[in-house]
Amino acid sequence: MKKFSTKYGYFSADGNEYIITDFKTPKPWVNVISNGKYGLVISQTGGGFSWDTHSEFNRLNRWHQDLVQDNWGKYFYIKDNDSGDFWSPTWMPLKTDLDFYQIVYGFGYAKFISEYKGVKITLTVFVPIKEDLEIWNFKVENLTDQKKSLSLLTYFEWCLGSSSDHHREFHKTFLETHFDNQLNCMTATKRLWEIPLGDRGHWNIEYPYLGFISCSEKISDYDGDKDTFVGQYGSLQNPAGLFASSLSKKLGKWNDSIGTVKTSIEINPKETKELTFFLGIKKNKRAIAQSLKKFSSPKNIDDALIEVKLFWQKIFSNLVIDTPDSAINLLVNKWLRYQAIAGRLWGRTAYYQQSGAFGFRDQLQDSLVFLPINPDKTKDQIRLHARHQFVDGTVLHWWHPISETGLPTKMTDDLLWLPFVIIQYIDETSDLKILSIKEPYYDNKNKKDTLYNHCVAAIEKVLTRMSKRGLTLIGAGDWNDGLSAVGLDFKGESIWLTEFFYLILIRFAELSKEISNDTDYKRYKRKASDLKKAFDKYAWDGQWFWRATKDDGKKVGSKSSPEGKIYLNAQTWSVISGIAEPLMQKKAMDSVSKHLLKKNGCLLLSPAYTKPDKMIGYLSRYAPGRRENGGVYTHAATWAIWAYALLKDKENAFKSYKNLCPVYNGLNPDEYVAEPYVTPGNIDGPISPNYGMGGWTWYTGSASWFQKVIVDWILGIRAAKDGLVIDPCIPADWKEFKVKRNFRGTTFNIKVFNNHSKKEKNILVDGKMISGNLIHATKKKHSNVEVYL
Ligand code: GLC
């Protein structure tokens with residue numbers, strides 16, 4: 001049964017695949033495929049690129065960001081040697097009108113099924129677990145009554161190293177290609193790596209890898225030069241090499257280096273032949289040879305794909321929900337998790353934004369996705385980020401793996417995400433031992449300090465950034481990167497940050513108490529209470545909380561502001577942090593419902609800035625209604641669900657989920673434009689001519705938080721220090737739902753009955769009624785819970 005079908009595609013019945021039936025989607029719809037080290041992003045017409053370890057520093061192939069043409073990828077040409085017909089099995093680059101063309105995206109693979117003049121090709125692309133390579137497996141079927149003689153040619157441009165190497169006349173002089181007959185493989189490397197490493201000046205180092213392309217069939221011909229293969233003034237739709245009887249075999253250091261290899265097959269009528277191309281980045285030829293040997297049998301290739309599928313199903317199996325809303329089920333059970341892990345924690349790249357770096361706050365938040373599944377992975381992320389903190393508590397806003405260089409931040413909130421995520425981790429696991437794990441600082445590798453002290457360093461630093469009236473100073477921004485100039489002189493204050501900091505102080509004080517650090521406990525309690533006093537005194541704007549003050553003292557996000565009068569985060573976090581009085585929380589969220597909750601979720605602010613404000617920052621320079629400038633910013637919009645749920649506002653909690661939900665928005669694809677199976681970073685707001693258009697899909701923050709707020713706050717099954725809380729905030733017309741959730745070693749099978757006929761509200765754990773709504777951890781492997789609401 002097709003699910004959520006539109007004119008462009010649908011989800012498979014089991015939710016494991018999205019099938020694109022019309023490849024002319026309104027924008028490229030991609031899959032980010034990664035095993036945590038090697039990865040690739042691929043679009044429905046075969047565009048995209050691959051990388052090892054860092055999607056910007058170590059790219060296999062050149063790619064340029066053009067979401068209109070989407071004409072950079074690793075491409076194939078198929079040629080019928082008898083008829084002279086030719087086509088591409090991913091439509092691009094030849095753009096032949098195929099008789100049939102469908103794309104299937106699954107977890108860890110993409111499948112392109114095409115038919116042209118009696119030749120059916122099923123092309124499956126995937127990255128095996130723990131391998132620095134990608135497999136392009138062709139199953140070619142001759143549907144005709146005549147024998148077919150086909151040639152297959154590949155085409156891509158070697159990048160090898162830093163992207164984007166747009167100055168190609170410079171970069172091409174360092175690239176070199178080779179062909180190894182014995183390995184049946186073209187290799188390529190570069191004599192320069194444009195990253196800040198090495199001890200003899202900049203860029204003065206070798207690229208230490210070999211890019212390669214090989215094939216399971218004998219490579220009969222090849223070309224390492226665009227000049228000869230495409231031809232001067234030629235095009236990818238009409239490359240000279242496709243019509244030549246043989247290729248130029250040009251290799252070496254003097255070319256505009258490409259990866260074109262050719263192989264030929266003969267297929268009898270009704271016969272299917274299988275062949276596979278292997279591409280990747282390896283240290284040396286020996287490593288290439290090992291992998292090629294490993295995948296020399298078709299069975300090993302099939303097994304490797306099965307292994308990938310099982311890997312993802314295992315990740316999905318630890319948290320399974322079953323609700324009356326099948327879009328929620330699809331997202332939470334599979335796609336959000338896949339996006340957060342493959343796209344954000346591993347690839348850290350997609351079509352709208354390529355990064356490869358770790359954002360201090362970004363991947364920490366993204367790693368929350370692992371809490372109910374495998375909290376050790378969150379712990380690893382916490383430790384990694386702690387190592388990118390300076391002794392003074394400040395951090396790198398982002399840093400690059402490989403070079404380990406980054407941008408020291410003057411944003412105040414960045415540092416606080418470390419304690420935030422540690423608190424979440426302890427709620428999940430009760431593992432206080434994490435606080436005594438030691439990690440060094442970025443600027444002093446010899447100083448190994450406990451994670452507790454890393455948190456203290458962050459908190460103490462923020463305590464030095466307080467305004468005279470006791471509110472937190474924003475510096476170069478807080479969560480909202482675009483508020484980049486509000487507080488550059490360290491005079492501007494932030495209300496959102498004050499709220500966030502309050503939560504950190506309260507929760508961290510509790511942790512200090514747990515480990516018997518009474519001094520810190522008292523200090524942070526006192527600081528929290530001071531913060532609340534200042535907040536109560538200054539933050540209210542009449543109908544909502546204002547957002548910030550600029551260095552010149554003028555308010556941002558206030559009724560007195562000319563534009564950007566109300567900001568979402570200052571309202572949602574007044575509730576989430578608990579800093580505001582209940583009545584004010586309610587009023588603030590009423591203002592959200594009135595001014596910000598729109599058809600695609602909650603806007604980040606309103607009205608959008610139409611005039612750039614130098615004292616606010618680049619946020620005000622975005623096109624009005626786009627991204628942080630008055631669009632729906634998914635990351636923040638998920639927090640609205642949380643805040644409404646805290647206020648027990650079932651209707652708006654669900655509405656703010658449903659309006660944001662990509663599966664539902666995707667039912668209106670020509671307006672929404674973006675992929676329906678992943679969250680977008682942003683959706684255009686009402687002031688934009690493209691109101692409702694999603695963009696920046698696969699972006700950070702959005703998927704992990706969406707999963708968390710749905711499970712923790714709509715379904716209301718969440719980890720707390722003392723146990724598992726059952727506190728649903730579901731629509732009145734839901735009769736029941738189920739959650740299978742792992743919690744501290746026990747698999748809880750929870751059934752919730754809503755508006756049931758029983759008189760009492762109660763919770764039964766393994767048949768026994770409990771008082772309250774907190775289920776304590778148990779030593780049992782399984783536990784059944786019935787909840788009557
Ligand atoms: C981007 C940044 C993230 C920030 C958000 C809001 O997603 O990566 O760190 O919080 O924008 O500006």
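A 4.5 Å side-chain heavy-atom check between W705 and L336 finds every atom pair outside the cut-off. Residues C215 and F277 form a side-chain contact, since some pair of their non-hydrogen atoms from C-beta on lies under 4.5 Å apart. Within the 4.5 Å cutoff, side-chain heavy atoms of L40 are placed close to those of K74. Residues Y672 and I683 have side chains in contact (heavy-atom distance under 4.5 Å, counting atoms from C-beta outward). Counting heavy atoms from C-beta on, the side chains of Y209 and L160 never come closer than 4.5 Å. At least one side-chain heavy atom of L660 sits less than 4.5 Å from a side-chain heavy atom of F706. Residues Y77 and P93 are in side-chain contact: their nearest non-hydrogen atoms beyond the backbone lie under 4.5 Å apart. Under the 4.5 Å side-chain criterion, counting only non-hydrogen atoms from C-beta, Y222 is in contact with K249.
No donor-acceptor contact under 3.5 angstrom links the side chains of D362 and Y699, judged on distance only. Side chains of N81 and S151: a donor on one and an acceptor on the other come within 3.5 Å. Side chains of N137 and K139: a donor on one and an acceptor on the other come within 3.5 Å. When only modelled atom types and interatomic distance are considered, N255 and S257 share no side-chain donor-acceptor pair under 3.5 Å. For Y38 and E131, the side-chain atoms include no donor-acceptor pair closer than 3.5 Å. Using a 3.5 Å distance cut-off with no hydrogens or angles, the side chains of T679 and Q339 do pair a donor with an acceptor. For the 3.5 Å distance criterion, the side chains of D70 and Q44 fail to qualify, holding no donor opposite an acceptor. For N184 and K218, the side-chain atoms include no donor-acceptor pair closer than 3.5 Å. With no hydrogens or angles considered, a side-chain donor-acceptor pair links T228 and S248 at under 3.5 Å. A donor-acceptor contact under 3.5 angstrom links the side chains of Y664 and D325, judged on distance only. Judged purely by distance below 3.5 Å, without hydrogens or angles, the side chains of K117 and S83 never pair a donor atom with an acceptor atom.
Checked against the 6.0 Å centroid criterion, the rings of F49 and W72 do not qualify as a close aromatic pair. In this structure, the ring of W63 has its center less than 6.0 angstrom from the ring center of Y351. Residues F86 and F243 place their aromatic rings such that the two centres sit under 6.0 Å apart.
With Y116 as the partner, the ring pair (Phe, Tyr, Trp, His ring centres under 6.0 Å) test is satisfied by one option alone out of W87, Y101, F100, W91: W87. For the side chain to side chain contact (heavy atoms under 4.5 Å, CB included) with P128, the lone residue among L133, N35, I301 that qualifies is L133.
The aromatic rings of F278 and F295 sit parallel to each other, their planes meeting at less than 30°, with 60° as the upper class boundary. Ring-plane geometry between Y338 and W698 is classed as perpendicular, the angle between the planes exceeding 60 degrees on a 0 to 90 degree scale with a lower cut at 30. Note: Y105 and Y677 have perpendicular aromatic rings, judged against thresholds of 30 and 60 degrees for the angle between ring planes.
The pair D256-R168 counts as a salt bridge, with a side-chain nitrogen and a carboxylate oxygen less than 4.0 angstrom apart. R627 has no carboxylate O lying under 4.0 Å from a charged side-chain N of D684, or vice versa, which leaves the two without a salt bridge. The pair K147-D82 does not meet the salt-bridge criterion, since no charged nitrogen lies less than 4.0 angstrom from a carboxylate oxygen. Ion pairing between a basic and an acidic side chain is recognised when a charged N comes within 4.0 Å of a carboxylate O; K273 and E217 show no such pairing.
To the nearest 0.5 angstrom, L60 atom CG is 11.5 Å from S163 atom OG. For the atom pair Q363 CD and W346 CH2, the distance stands at 13.5 Å (nearest 0.5 Å). To the nearest 0.5 Å, atoms CG (D132) and CG (L279) are separated by 13.0 Å.
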(request) Apply the test side chain to side chain contact (heavy atoms under 4.5 Å, CB included) to residues T638 and K708: give CA-CA distance (whole Å), side-chain angles for both, the deciding distance (0.1 Å), then the verdict. (result) CA-CA 9 Å; T638 66; K708 190 167 171 60; over 6 Å; no
(message) Evaluate N600 against N665 for side chain to side chain contact (heavy atoms under 4.5 Å, CB included), listing each step before the verdict.
(response) CA-CA 7 Å; N600 307 103; N665 286 327; 3.1 Å; yes
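For the pair K282 and F212, the NZ or CZ position fails the cation-pi test of under 6.0 Å to the six-membered ring centre and within 45 degrees of the ring normal. Relative to the six-membered ring of Y109, K309 meets both conditions, a distance below 6.0 Å and an angle of at most 45° to the axis.
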